Colleague: 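One structure is given below, represented as structure tokens, and several questions about it will come after.
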Amino acid sequence: MANIIRSAKSSSNWDSNELIAYNITVTSVPSQQFFPQEIDVPLTAAGLDSVLATADSDVSPDPDVSRNTAHFLQYLQDASTPDFDDQNVRVPSIDDFARQVLITVGFTRVAQISVCLRDMESDMLLLLQMDKTQIGPSNVEARMISGAIAAYQLNNNKRQEKGLHPLDAMTMPCITMIGTRPTFYLVPVTKALSDAVISCQYPSARTEVLKCEVASDHNGGMEAPEYRGMALQYYVAFKSLAKSHWEKFLR
């Protein structure tokens, strides 16, 4: 694919063509291959309210639940009830819900969550890319991968500002959310890939992105309690997995 015409694009304009142009593939793997630990752990073992997995999304939260749980259920209710945008297209209120999910399961220092999760030094730790409309073909994976490459570049710039050597590779934990259905990713970004994107060249080495979807036969999203419980278990497991990768480039 070295003869494909490449041009500089913002991450919001990436699609499957860019993945081909920069020798990037996405491989779906089962949870037991993606996560180093078992994910079938009760939410209460992670310090979460059991009501998170049982409450109806269209019912007002019980006043006796914790503040985080109440916010989660309220934002889920809002996300499950789309409003009309300027083009008269029904768009759910996903942003606040996506942010609250991460807070609920214990991610800290969440800021600008429609783009990333940052640490106190403003390094990018986790990318969250959402597809709100669920109308037409989705380029959410390509946009997420482009964002991961940009995060690699930003993190290395921050390292150099602190007098540290830039790293040749970082694995960026990422999440996409289509409606209220999350998918989890590990995006390995190397200097070779970053340089190829900057110079619009075809990298000789293939980049393989790993992808893990919530194993469920349910067609909807987290508005359904049976799917929500499983999805939250994936989030809890992903928190530990993401931290193990952050620690490699935050030293």
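As the structure is a prediction and not an experimental result, all values here were calculated from the model.
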Colleague: Verify side chain to side chain contact (heavy atoms under 4.5 Å, CB included) between Ile39 and Val236, making sure each step is shown before the conclusion.
Modeller: CA-CA 8 Å; Ile39 64 169; Val236 170; over 6 Å; no

Colleague: Restricting to side-chain contact (heavy atoms from CB on, under 4.5 Å), what partner residues turn up for Pro30, sequence neighbours left out?
Modeller: Gln32, Gln33

Colleague: When rounded to the nearest 0.5 angstrom, what is the spacing between OG in Ser194 and OH in Tyr22?
Modeller: 11.0 Å

Colleague: Please enumerate all residues that pass side-chain contact (heavy atoms from CB on, under 4.5 Å) together with Thr176, with sequence neighbours excluded.
Modeller: Gln129, Val140, Met144, Thr183, Tyr185

Colleague: Minimum heavy-atom separation for Met172 to Ala151, with atom names?
Modeller: CE-CB, 3.7 Å

Colleague: Does Gln233 use its side chain to pair, donor to acceptor, with the backbone of Ala231 at less than 3.5 Å?
Modeller: no

Colleague: Walk me through it: do Ile175 and Leu102 pass the test side chain to side chain contact (heavy atoms under 4.5 Å, CB included)?
Modeller: CA-CA 11 Å; Ile175 302 172; Leu102 294 183; 4.1 Å; yes

Colleague: Between atom OG of Ser66 and atom CG of Leu48, what is the distance when rounded to the nearest 0.5 Å?
Modeller: 8.5 Å

Colleague: Asn156: what forms a side-chain hydrogen bond (donor to acceptor under 3.5 Å, both in side chains) with it, not counting sequence neighbours?
Modeller: Tyr152

Colleague: Quick one: closest heavy-atom pair of Pro182 and Val214, and the distance?
Modeller: O-CG2, 3.9 Å

Colleague: If you define the side chain from C-beta out and look only at heavy atoms, does anything of Pro173 sit under 4.5 Å from Trp246?
Modeller: yes

Colleague: Find the distance between CG (Asp96) and CD1 (Ile103) and round it off to the nearest 0.5 Å.
Modeller: 9.5 Å

Colleague: Are the side chains of Ile94 and Thr180 in contact, using a 4.5 Å heavy-atom criterion?
Modeller: yes

Colleague: Does Met177 reach the side chain of Met222, with side-chain heavy atoms less than 4.5 Å apart?
Modeller: yes

Colleague: Check side-chain hydrogen bond (donor to acceptor under 3.5 Å, both in side chains) between Glu208 and all other residues, then give those that pass, not counting sequence neighbours.
Modeller: Thr27

Colleague: Side chain to side chain contact (heavy atoms under 4.5 Å, CB included), that's the test. Do Phe238 and Lys243 meet it? Break it down for me.
Modeller: CA-CA 8 Å; Phe238 192 65; Lys243 183 179 178 181; over 6 Å; no

Colleague: Do Gln153 and Ile198 have side-chain heavy atoms sitting under 4.5 Å apart?
Modeller: yes

Colleague: Quick one: do Glu141 and Lys211 make a salt bridge, cutoff under 4.0 Å?
Modeller: yes

Colleague: Test side chain to side chain contact (heavy atoms under 4.5 Å, CB included) on Thr171 and Val189; report intermediate values, then the result.
Modeller: CA-CA 6 Å; Thr171 296; Val189 184; over 6 Å; no

Colleague: Given 3.5 Å as the limit, does a donor-acceptor pair link the side chain of Arg206 with the main chain of Ile24, or not?
Modeller: no

Colleague: Decide yes or no for Ser146 and Glu18: does some side-chain heavy atom of the first lie under 4.5 Å from some side-chain heavy atom of the second?
Modeller: no

Colleague: Report the distance from atom OG1 of Thr69 to atom CD of Gln100, rounding to the nearest 0.5 Å.
Modeller: 9.0 Å

Colleague: So which atom in Leu241 and which in Pro36 form the shortest heavy-atom distance, rounded to 0.1 Å?
Modeller: CD1-CD, 3.8 Å

Colleague: Is Gln160 close to Pro166 at the side-chain level, that is, under 4.5 Å between some pair of heavy atoms?
Modeller: yes

Colleague: What pairs with Asp195 under salt bridge (charged side-chain N to carboxylate O under 4.0 Å, His left out), at least two apart in sequence or on another chain?
Modeller: Lys191

Colleague: To the nearest 0.5 Å, how far apart are OG in Ser80 and CZ in Phe97?
Modeller: 7.0 Å

Colleague: Taking a hydrophobic cluster as the set of Ile, Leu, Val, Met, Phe, Trp and Tyr residues connected by side-chain heavy atoms closer than 4.5 Å, whether directly or through intermediates, do Leu232 and Val41 fall within one such cluster?
Modeller: no

Colleague: Should we count CD of Glu38 as having more than 12 external heavy atoms under 6.0 Å?
Modeller: no

Colleague: Is any side-chain heavy atom of Thr207 closer than 4.5 Å to one of Thr25?
Modeller: no

Colleague: Less than 6.0 angstrom separating the ring centers of Phe107 and Tyr235, yes or no?
Modeller: no

Colleague: Using modelled atom types and a 3.5 Å cut-off, is there a donor and acceptor pairing between side-chain atoms of Asn23 and backbone atoms of Pro203?
Modeller: yes

Colleague: To check you understand the geometry: which heavy-atom pair defines the closest contact between Ala55 and Pro225, and what is its length?
Modeller: O-CG, 3.7 Å

Colleague: Any donor-acceptor pair under 3.5 Å linking the side chain of Asp49 with the backbone of Val51?
Modeller: no

Colleague: If every non-hydrogen atom of Arg181 is compared with every non-hydrogen atom of His218, which pair is closest and at what distance?
Modeller: NH1-O, 2.8 Å

Colleague: Could you name each residue pair satisfying ring pair (Phe, Tyr, Trp, His ring centres under 6.0 Å) that touches residues 23-54, not counting sequence neighbours?
Modeller: Phe35-Tyr234

Colleague: Could you tell me whether a side-chain N or O of Arg159 sits under 3.5 Å from a main-chain N or O of Leu164, the two making a donor and an acceptor?
Modeller: no

Colleague: Side-chain contact test, heavy atoms from C-beta onward, threshold under 4.5 Å: evaluate it for Asn139 versus Asn13 and give yes or no.
Modeller: no

Colleague: Any chance you could measure Asp40, atom CG, to Met230, atom CE, to the nearest 0.5 Å?
Modeller: 8.0 Å

